[in-house]
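Structure first, then comments.
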Amino acid sequence: MNFKVLYKDGAARRGVLETAHGQIDTPVFMPVGTQATVKTVSPDEVRDTGAQIILGNTYHLYLRPGHKLIQKAGGLHQFMNWDRSILTDSGGFQVFSLGPMRKITDEGVRFKSHLDGSFHMFTPEKVMEIEMALGADIAMCFDECAPYPAEYKEVVKAMERTTAWAKRCQESHQHPYQSLFGIIQGGVFPDLRRESARQIQDLDFPGYGIGGLSVGEPKPMMYEMLEVLEPLMDVNKPRYLMGVGSPDCLFEGVERGIDMFDCVLPTRIARNGTVFVPEGKLVIRNAEYAEDFRPIDENCQCYTCRNFGRGYIRHLLKANEVLGIRLTTIHNLHFLQTLMASIRQAIEVGRFCELKREFFKKYQP
RNA sequence: GGAGGGGUUCCCGAGUGGCCAAAGGGGGCAGACUGUAAAUCUGUUGUCGACGACUUCGAUGGUUCGAAUCCAUCUCCCUCCA
């Protein structure tokens, strides 16, 4: 994997990330395809929204259909017929979000499957075995994501474990083209963030995730953590803010030097009847759009906006027709991809701040 | 023509004397959603000058301190027999 920063505008960076499956222009937004699919849309449709790389998930794919099966299929790319880049998350976040169904020790995490209640053990070594079998272009280290709020001591523990596990991941990771990213933890404590950044970067990964943010803390707190990290991070490596993807947060992240983002937000809220527009979020399932036959966004070039009106989309959603959530999903993904493209373009010409100002003049988070 | 069963708030449906403006589900309306246990979850859903009042359980009349619940008549629907 190769990464190069082409332009800088303040702390904002415009770069190129090369993987075995192509070139990725950064800053980039990565749609989430947890179970080897971006929910409800086909790979062609995902590609047409402008996505250059998507996510898959170790935890889910290990439980079903099983990483060995995917390996037999020729790897995740072939299995799901996605020929651009893929990044797999390690399951660290599931350990966090599945809450009481797991037990964490220094060795790893013993957890109960949410599918059938069976017990499983994830260690850094096991997670590497799974991620290598999946064969994504980028694999994430197995980390421990501390919740918010959390006691200082608890966050220290998670941070130290994350470092120890990162070492073990690194030692057991070996793959012809897959890159392994480290993950920086440290909750909302500046000193722990600094310490984690130091520890993880000492291991020298080809890229770094910033984890444990956007887990319920106020946004300014997240931005503060990014500001703490920005000057400490290797300028030649991609920085990935994990789990962030609301339009306003994308701007704030890029402004603080982030190169990569992923988030379920656009696809999830799409399925729940909300779409992004330049003014903010529009709950298209609401009654006020029943007789509104304009596109979601008149200036949007996505398949949905070129072909359908709000009233029709609302009807599909109310009638529980799958096309409804497919159309809103396509629009939301396209919206974020277009937004990122405009951000990249603005950085190239040194107009990021203006673009951000213009954007927030309209956009109400 | 005879025998039986039934009409409940937008819909389906529980409720057989007070704890019932009436369970539950659907539908409607709204809110939430940030490394996906999510096409999920939460709230709300008679009216009003609303910590109270008023109207509502096919219609009308009655019994009772009190009726969606008991009685009478009417009306409509369903099933079976002729």
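Quick note: numbers below take in every heavy atom, side chains included, and nothing from hydrogens, waters or symmetry partners. In the text below, chain A, chain B and the rest are named by the order of the sequence lines, each starting its count at 1.
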Which part of the nucleic acid, if any, lies within contact of [X], taking any heavy atom under 4.0 Å across all strands shown: a base, the sugar-phosphate backbone alone, or nothing?
| X | answer |
| --- | --- |
| A:Asp143 | base |
| A:Met101 | base |
| A:Glu217 | nothing |
| A:Ser113 | nothing |
| A:Asp89 | base |
| A:Gly212 | base |
| A:Arg285 | base |
| A:Val215 | nothing |
| A:Leu55 | sugar-phosphate |
| A:Lys112 | nothing |
| A:Arg314 | sugar-phosphate |

Excluding sequence neighbours, so at least two apart, what forms side-chain contact (heavy atoms from CB on, under 4.5 Å) with [X]?
| X | result |
| --- | --- |
| A:Ser179 | A:Met1, A:Phe181, A:Pro206 |
| A:Lys281 | A:Ile269, A:Thr274, A:Phe276, A:Tyr363 |
| A:Arg357 | A:Cys353, A:Glu354 |
| A:Pro176 | none |

*asked:* I want to confirm an ordering. Mapping A:Gln185 and A:Asn286 to their closest nucleotides on RNA chain B, which one lands closer to the 5' end?
replied: A:Asn286
_Position toward the 5' end of RNA chain B (nearest nucleotide), A:Gly243 or A:Ala287_ = A:Ala287
If I pick the [atom1] atom on [M] and the same atom on [N], what distance separates them, to the nearest angstrom?
| N | M | atom1 | value |
| --- | --- | --- | --- |
| B:C57 | B:C41 | C1' | 33 Å |
| B:C12 | B:C20 | P | 24 Å |
| B:U34 | B:U42 | P | 16 Å |
| B:A68 | B:G1 | C1' | 33 Å |
| B:C33 | B:G24 | C1' | 27 Å |
| B:G5 | B:U9 | P | 22 Å |
| B:A59 | B:G7 | C1' | 11 Å |
| B:G15 | B:A32 | P | 39 Å |

Looking at [N], which nucleotide sits across from it as a Watson-Crick or G-U wobble partner, both distances under 3.5 angstrom, or is there none?
| N | value |
| --- | --- |
| B:U44 | B:G28 |
| B:U36 | none |
| B:C65 | B:G18 |
| B:U73 | B:A59 |
| B:U79 | B:A3 |

With no hydrogens and no angle check, do the side chains of [X] and [Y] hold a donor and an acceptor under 3.5 Å apart?
| X | Y | result |
| --- | --- | --- |
| A:Gln178 | A:His173 | yes |
| A:Ser42 | A:Glu45 | yes |
| A:Tyr208 | A:Asp259 | no |
| A:Asn57 | A:Gln94 | yes |

Name each donor-acceptor pair under 3.5 Å that joins a side chain in residues 14-27 of chain A to protein atoms two or more places apart or in another chain, with its distance.
{"unit_1": "A:Arg14", "atom_1": "NE", "unit_2": "A:Glu348", "atom_2": "OE2", "d": "2.7"}
{"unit_1": "A:Arg14", "atom_1": "NH1", "unit_2": "A:Thr26", "atom_2": "O", "d": "3.4"}
{"unit_1": "A:Arg14", "atom_1": "NH2", "unit_2": "A:Asp25", "atom_2": "OD1", "d": "3.4"}
{"unit_1": "A:Arg14", "atom_1": "NH2", "unit_2": "A:Glu348", "atom_2": "OE2", "d": "3.4"}
{"unit_1": "A:Thr19", "atom_1": "OG1", "unit_2": "A:His21", "atom_2": "N", "d": "3.0"}
{"unit_1": "A:Thr19", "atom_1": "OG1", "unit_2": "A:Gly22", "atom_2": "O", "d": "3.4"}
{"unit_1": "A:Thr19", "atom_1": "OG1", "unit_2": "A:Ser85", "atom_2": "OG", "d": "2.6"}
{"unit_1": "A:His21", "atom_1": "ND1", "unit_2": "A:His77", "atom_2": "NE2", "d": "3.3"}
{"unit_1": "A:His21", "atom_1": "ND1", "unit_2": "A:Asp137", "atom_2": "OD1", "d": "2.6"}
{"unit_1": "A:His21", "atom_1": "ND1", "unit_2": "A:Asp137", "atom_2": "OD2", "d": "3.3"}
{"unit_1": "A:Thr26", "atom_1": "OG1", "unit_2": "A:Gly15", "atom_2": "N", "d": "3.1"}
{"unit_1": "A:Thr26", "atom_1": "OG1", "unit_2": "A:Gly15", "atom_2": "O", "d": "3.3"}

_Partner residues of A:Tyr59 under the ring-ring contact (aromatic ring centres under 6.0 Å, His included) criterion, sequence neighbours left out_ = A:Phe111, A:His114
*Is B:A50 in the syn or the anti form, by the rule that syn lies within 90° of 0?*
syn
Please list every donor-acceptor pair under 3.5 Å in which a side-chain atom of residues 60-69 of chain A meets a protein atom from a residue at least two apart or in another chain.
{"unit_1": "A:Tyr62", "atom_1": "OH", "unit_2": "A:His120", "atom_2": "ND1", "d": "2.7"}
{"unit_1": "A:His67", "atom_1": "NE2", "unit_2": "A:Glu129", "atom_2": "OE2", "d": "3.1"}

*Who passes side-chain hydrogen bond (donor to acceptor under 3.5 Å, both in side chains) against A:Thr37, sequence neighbours left out?*
none
*Cation over ring face, A:Arg310 and A:Phe293, 6.0 Å, 45°*: no
*Does anyone know the first and last nucleotide of RNA chain B in reach of chain A, 5' to 3', at under 4.0 angstrom to a heavy atom?*
B:G28 to B:U40
_Among residues 146-162 of chain A, which ones have heavy-atom contacts with RNA chain B below 4.0 Å?_
none
*Looking at residues 11-46 of chain A, who's got a heavy atom less than 4.0 Å off RNA chain B?*
A:Val32, A:Thr34, A:Lys39
Can I get a per-line list of side-chain donor-acceptor pairs under 3.5 Å for residues 229-241 of chain A, giving both atom names and the distance, sequence neighbours left out?
{"unit_1": "A:Asp234", "atom_1": "OD1", "unit_2": "A:Asn236", "atom_2": "N", "d": "2.8"}
{"unit_1": "A:Lys237", "atom_1": "NZ", "unit_2": "A:Asp204", "atom_2": "OD1", "d": "2.7"}
{"unit_1": "A:Lys237", "atom_1": "NZ", "unit_2": "A:Phe205", "atom_2": "O", "d": "2.8"}
{"unit_1": "A:Arg239", "atom_1": "NH1", "unit_2": "A:Gly257", "atom_2": "O", "d": "3.2"}
{"unit_1": "A:Arg239", "atom_1": "NH2", "unit_2": "A:Met233", "atom_2": "O", "d": "3.3"}
{"unit_1": "A:Tyr240", "atom_1": "OH", "unit_2": "A:Asp262", "atom_2": "OD1", "d": "2.7"}

